[in-house]
Colleague: 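Supplied in structure tokens, the structure appears directly below.
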Amino acid sequence: MNKGSQQHPRSFPALTFDNSSVALHTAAGEWTYSDLHERINKMATGLLDGKSDLKEERIGVLIPGSVDYVTTLLGIWRAGGIAVPLNAEGALPEIEHSLTCAQVTRLVVCLSLDTDQIVALHILCHALNIKMLTVAETLADVAGKLPAIAPGRRAMILFTSGTTSKPKGVVSTHKNIRAQVTTLLEAWGWQAKDSIPLFLPLNHVHGIVNVLCCGLWIGARVAVFRRFEMDLLMTQVRLRKYTLFMAVPTIYVKIIQYLESLDAGRREAITSAFKSMRLNVSGSAACPVKLFNQWKAMTGQTLLERYGMTEIGMGLSNPYLGERRAGAVGLPLKGVDVALFDDDGKLIDKEDVPGEIRVRGDNVFLEYWNNAQATEESFAEGWFRTGDVAVREKGYYRIMGRSSIDIIKSGGYKLSALEIEGTLLTHDKIAECAVVGIEDETWGEAVTAFVALKAGQTLTLPELKSWCETRMSPYKIPKSLCLMQTLPRNAMGKVVKPDLKRPGILL
Ligand code: MLC
Ligand code: AMP
């Protein structure tokens with residue numbers, strides 16, 4: 001039978017498989033689809049622990065990329081729980097916020113995390129009355145009966161930064177995830193014979209939906225890395241292990257820098273391997289035209305840029321077959337309604353007129369967890385308001401920016417300036433501060449802190465960075481610090497952030 005045509009009889013995830021084909025390749029070994037199904041079913045049975053259905057219990061997942069991560073995520077789905085994937089490299093206060101906000105009752109962790117982190121997690125879980133588990137101790141000896149899951153049920157909560165200070169929990173249903181996956185399978189011609197590396201963080205849709213779920217749904221081979229490791233990854237690329245490659249622009253920038261550091265022979269072995277792939281995709285942040293052209297010149301691959309968001313999965317994509325236009329994000333994916341609206345909420349039907357991107361469809365999330373007000377505010381007449389501004393030019397959408405200056409995209413991560421400012425303001429020496437994203441070739445935007453100190457105080461960047469280490473994820477830590485007497489404010493007393501974003505401000 002044709003691999004990929006065989007649907008697993010369970011509802012979601014409908015892994016397609018033939019028993020012997022490899023589903024996951026990891027540093028610890030390979031798992032065929034049948035091994036993986038068995039392991040997931042044992043995990044689901046273990047999580048159920050005699051119950052018939054987890055009934056949307058929130059279960060946290062704090063496991064780096066591995067078979068244990070996949071087993072846990074899909075085990076929770078299969079047992080009727082809501083998976084709450086967390087940033088394995090996150091700072092404790094951030095993990096605490098996610099656990100508390102999502103009302104997590106059990107947390108599955110991996111013992112290979114740093115010992116100090118495990119101890120700190122133990123203390124935190126104890127204080128929050130959360131049971132901490134490992135995969136090994138949860139797996140049942142034999143798989144038992146598992147519940148049938150209706151597609152409208154909640155499956156996952158992912159945390160996303162917004163314009164308020166703390167990240168919100170985005171709730172997706174099984175139906176949402178199915179819609180997000182199936183549209184990509186068709187749009188990008190996924191096949192069971194595909195092979196893809198997965199090195200992106202596993203608490204965001206790019207890694208979870210676009211790579212992992214798409215790969216496992218179609219019956220492809222997914223090579224899971226614990227994190228992005230250039231040498232290891234490039235060795236596998238050189239050995240022509242992959243047909244597909246999906247990454248954020250920063251990763252393409254870093255690969256180009258890496259290739260430029262190699263001698264001609266080693267560089268050629270890797271660039272020709274990229275060339276032989278079926279498809280290279282870029283997304284999660286704007287792909288500069290310069291990068292698009294550099295990648296094409298170096299590897300012969302025309303990057304396919306697409307646009308997405310945690311709340312919608314993917315919305316717009318350049319075509320797999322057809323013109324892939326530099327600097328543009330293409331057209332609405334099948335099954336996804338996309339339209340632009342002006343400031344008065346009127347639909348824009350003309351080309352070349354910018355407006356907010358709004359999205360409708362089965363792909364759009366259900367709600368922000370426990371935050372009816374934020375959910376209500378983010379929809380208008382059934383359309384989800386992305387806060388991104390775009391224009392349609394010769395048929396294709398082009399992203400122009402975001403309606404809020406307080407959202408920063410750094411290396412594909414969406415960050416809230418207000419959240420970072422809130423933490424910085426708890427520093428003893430800081431009187432006032434404003435955080436902005438300054439354009440940066442590697443990161444897209446680099447987190448930059450403008451700070452006015454309390455009288456008589458001094459502060460250096462290394463000092464600030466080390467203070468931030470236990471308080472925020474590494475990628476939120478300011479890359480630059482600019483000390484000012486006072487911050488520029490308007491007549492209303494509000495910091496004039498556009499002034500701080502002016503090119504050359506840091507010189
Ligand atoms: C790491 N650092 C970052 C950073 N990532 N700083 C700013 N922004 C980032 N994104 C810090 C490190 O802590 C370190 O700090 C220094 O930068 C250099 O680290 P590195 O080792 O060179 O970076 P690395 O660990 O390799 O990480 C880079 C990366 C990672 C690009 C691989 O950021 C990444 O995986 N980004 C992808 C995020 C993602 O998946 N987003 C999708 C969201 S979903 P120091 O001080 O120690 O030197 C979404 C929807 C959609 O957006 O459309 O897909
Ligand atoms: P997140 O909330 O982490 O899912 O990030 C989603 C945001 O990433 C979107 O709202 C956009 O601002 C941005 N984004 C995703 N893809 C692109 C792209 N191709 N070009 C520009 N911005 C993008």
Side-chain angles (χ1 to χ4, degrees), residues 65 85 87-91 158-163 167-168 170 172 180 184 198-211 225-231 233 246-255 257-258 281-288 291-292 303-318 326-330 356-357 359 365 378 384-390 397-404 407-416 420 437 440 442-448 461-462 464-466 468-469 472-480:
N87 175 8
E89 294 180 9
L158 294 178
F159 279 86
T160 189
S161 297
T163 42
K168 292 176 293 206
V170 176
S172 303
Q180 294 173 7
L184 292 185
L198 172 55
F199 41 75
L200 292 167
L202 286 169
N203 57 321
H204 291 289
V205 289
H206 197 160
I208 298 174
V209 173
N210 295 22
V211 182
F225 292 74
R226 277 181 72 88
R227 62 188 308 280
F228 178 72
E229 291 165 273
M230 184 71 81
D231 284 320
L233 178 63
M246 296 187 193
V248 299
T250 297
I251 289 181
Y252 288 106
V253 172
K254 282 173 175 267
I255 296 174
Q257 289 164 353
Y258 174 85
V281 178
S282 172
S284 301
C287 175
L291 176 61
F292 179 96
L303 283 172
L304 181 155
E305 185 174 5
R306 76 345 173 248
Y307 160 88
M309 197 174 181
T310 308
E311 286 88 336
I312 65 162
M314 298 303 109
L316 297 159
S317 172
N318 274 281
V329 290
E356 185 190 28
I357 305 178
V359 183
F365 78 124
S378 67
F384 171 66
R385 310 171 54 171
T386 63
D388 290 307
V389 177
Y397 284 79
R398 182 167 65 81
I399 309 291
M400 301 182 70
R402 283 178 293 274
S403 50
S404 170
I407 298 287
I408 301 172
K409 262 273 162 169
S410 172
Y413 286 113
K414 180 158 121 178
L415 313 177
S416 158
I420 301 173
D440 183 274
T442 301
W443 301 109
E445 289 180 308
V447 174
T448 305
L461 180 62
L464 180 67
K465 282 187 163 181
S466 95
C468 286
E469 263 164 25
M472 58 182 80
S473 294
Y475 52 82
K476 294 182 187 171
I477 298 177
K479 299 249 182 267
S480 308

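Just so it is clear, the values below take in all heavy atoms, side chains as well, and ignore hydrogens, waters and symmetry mates. Both counts, for ligands and for their atoms, begin at 1 and track the order of listing.
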Colleague: Name the closest protein heavy atom to atom 6 (C) of ligand 2, giving the residue it belongs to and the distance to 0.1 Å.
Modeller: G308 O, 3.5 Å
Colleague: Please check whether R306 reaches ligand 2 - meaning an N/O of the residue sits under 3.5 Å from an N/O of the ligand, judged on distance alone.
Modeller: yes
Colleague: List the closest protein heavy-atom neighbour of atom 1 (P) of ligand 2: residue, atom name, distance to the nearest 0.1 Å.
Modeller: T310 OG1, 3.4 Å
Colleague: Against heavy atoms of V329, which atoms of ligand 2 measure under 4.0 Å?
Modeller: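 The atoms of ligand 2 under 4.0 Å from a heavy atom of V329 are 19 (N).
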Colleague: If you measure from each non-hydrogen atom of I477 to ligand 1, which part falls under 4.0 Å: side chain, backbone, both or neither?
Modeller: neither
Colleague: Do the ring centers of F384 and F365 come within less than 6.0 Å of each other?
Modeller: yes
Colleague: Look up atom 33 (O) of ligand 1 and tell me if a protein heavy atom lies less than 4.0 Å from it?
Modeller: yes
Colleague: Which residue and non-hydrogen atom of the protein lie closest to atom 39 (C) of ligand 1, and at what distance in Å?
Modeller: P201 CG, 3.8 Å
Colleague: Quick check against the 3.5 Å criterion: does Y397 have a side-chain atom that pairs as donor or acceptor with the backbone of S317?
Modeller: no
Colleague: Does the protein come close to atom 41 (N) of ligand 1 - that is, does one of its heavy atoms sit below 4.0 Å from that atom?
Modeller: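 It does; a protein heavy atom is within 4.0 Å.
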Colleague: Yes or no, since that's all I need: does a protein heavy atom fall within a distance strictly under 4.0 Å of atom 14 (C) of ligand 1?
Modeller: no
Colleague: Can you check whether W443 has an N/O within less than 3.5 Å of an N/O in ligand 1?
Modeller: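 No: no nitrogen or oxygen of W443 is under 3.5 Å from one in ligand 1.
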Colleague: Measure the distances from the heavy atoms of K414 to every atom of ligand 1 and state whether one is below 4.0 angstrom.
Modeller: no
Colleague: Any donor-acceptor pair under 3.5 Å linking the side chain of T448 with the backbone of A446?
Modeller: yes
Colleague: Side chain, backbone, both or neither: which part of M246 has a heavy atom under 4.0 Å from ligand 1?
Modeller: neither
Colleague: Return the residue, atom name and 0.1 Å-rounded distance of the protein heavy atom closest to atom 11 (C) of ligand 1.
Modeller: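 Of the protein heavy atoms, K479 NZ, 3.6 Å lies nearest.
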Colleague: May I ask you to list the atoms of ligand 2 that are less than 4.0 angstrom from any heavy atom of T160?
Modeller: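 Numbered from 1, ligand 2 contributes 2 (O).
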Colleague: Starting from atom 49 (C) of ligand 1, which protein heavy atom do you reach first, and at what distance in Å?
Modeller: S284 OG, 3.6 Å
Colleague: State whether the side chain of E445 and the backbone N or O of S410 hold a donor-acceptor pair below 3.5 Å, judged by distance alone.
Modeller: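 Not confirmed, E445 side chain does not pair with S410 backbone.
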Colleague: Any N/O of K409 closer than 3.5 Å to an N/O of ligand 1?
Modeller: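 Between K409 and ligand 1 (N or O atoms, distance only) the closest approach is under 3.5 Å.
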Colleague: What is the nearest protein non-hydrogen atom to atom 22 (O) of ligand 1, stated with its residue, atom name and distance?
Modeller: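 Result: K254 NZ, 2.5 Å.
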Colleague: If we ignore angles and hydrogens, is there a donor and acceptor under 3.5 Å between the side chains of N87 and Y475?
Modeller: yes
Colleague: Is the contact between D388 and ligand 2 made by the side chain, the backbone, both, or neither, using heavy atoms and a 4.0 Å cut-off?
Modeller: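 For D388, only side-chain atoms sit under 4.0 Å from ligand 2.
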Colleague: Can an N or O of G412 be found at a distance shorter than 3.5 Å from an N or O of ligand 1?
Modeller: yes
Colleague: So which heavy atom in the protein is nearest atom 30 (C) of ligand 1, and how far is it from that ligand atom?
Modeller: Y413 CE1, 4.1 Å
Colleague: With atom 8 (N) of ligand 1 as the reference point, say which of S473, C468, S410 has the nearest heavy atom.
Modeller: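 Looking at heavy atoms only, the winner is S410.
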Colleague: Who's the nearest protein heavy-atom neighbour of atom 5 (O) of ligand 2, and how far?
Modeller: K409 NZ, 2.9 Å
Colleague: Pull out every atom of ligand 1 sitting under 4.0 Å from any heavy atom of Y475, numbered as shown with elements.
Modeller: 3 (C), 4 (C), 5 (N), 6 (N), 7 (C), 8 (N), 9 (C), 10 (N)
Colleague: Using a heavy-atom cut-off of under 4.0 Å, does the side chain or the backbone of H204 touch ligand 2, or both, or neither?
Modeller: neither
Colleague: Hey, does G283 come in under 3.5 Å of ligand 1, counting only N/O atoms on both sides?
Modeller: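 There is no such contact.
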Colleague: Has ligand 2 got any nitrogen or oxygen that is less than 3.5 angstrom from a nitrogen or oxygen of S282?
Modeller: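 No, since none of the N or O atoms of S282 sits under 3.5 Å from an N or O of ligand 2.
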Colleague: Within a distance of under 4.0 Å, is there any protein heavy atom near atom 25 (O) of ligand 1?
Modeller: yes
Colleague: Indicate, as side chain, backbone, both or neither, the part of A285 found under 4.0 angstrom from ligand 2 when only non-hydrogen atoms are considered.
Modeller: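 Just the backbone.
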Colleague: Which atoms of ligand 1 are found less than 4.0 Å from any heavy atom of R306?
Modeller: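 Result: 51 (C), 53 (O), 54 (O).
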Colleague: What atoms of ligand 2 come closer than 4.0 angstrom to any heavy atom of E305?
Modeller: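 Close to E305: 18 (C), 19 (N), 20 (N).
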Colleague: Atom 50 (C) of ligand 1: which of V281, V211, V205 has the nearest heavy atom?
Modeller: V205
Colleague: Just to be sure I'm reading this right: ignoring hydrogens, which of S284, P167, G283, A286 gets closest to atom 21 (C) of ligand 2? Compare them by their nearest heavy atoms.
Modeller: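 Selected option, by shortest heavy-atom distance: A286.
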Colleague: For ligand 1, find out whether one of its N or O atoms is nearer than 3.5 Å to an N or O atom of R227.
Modeller: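 Looking only at distances, the answer is yes, because the N/O contact criterion of under 3.5 Å is met.
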Colleague: For atom 46 (O) of ligand 1, what is the nearest protein heavy atom, given as residue, atom name and distance?
Modeller: K465 NZ, 4.3 Å
Colleague: Nearest non-hydrogen contact with atom 36 (N) of ligand 1 belongs to which option: G313, S282, G411?
Modeller: G411
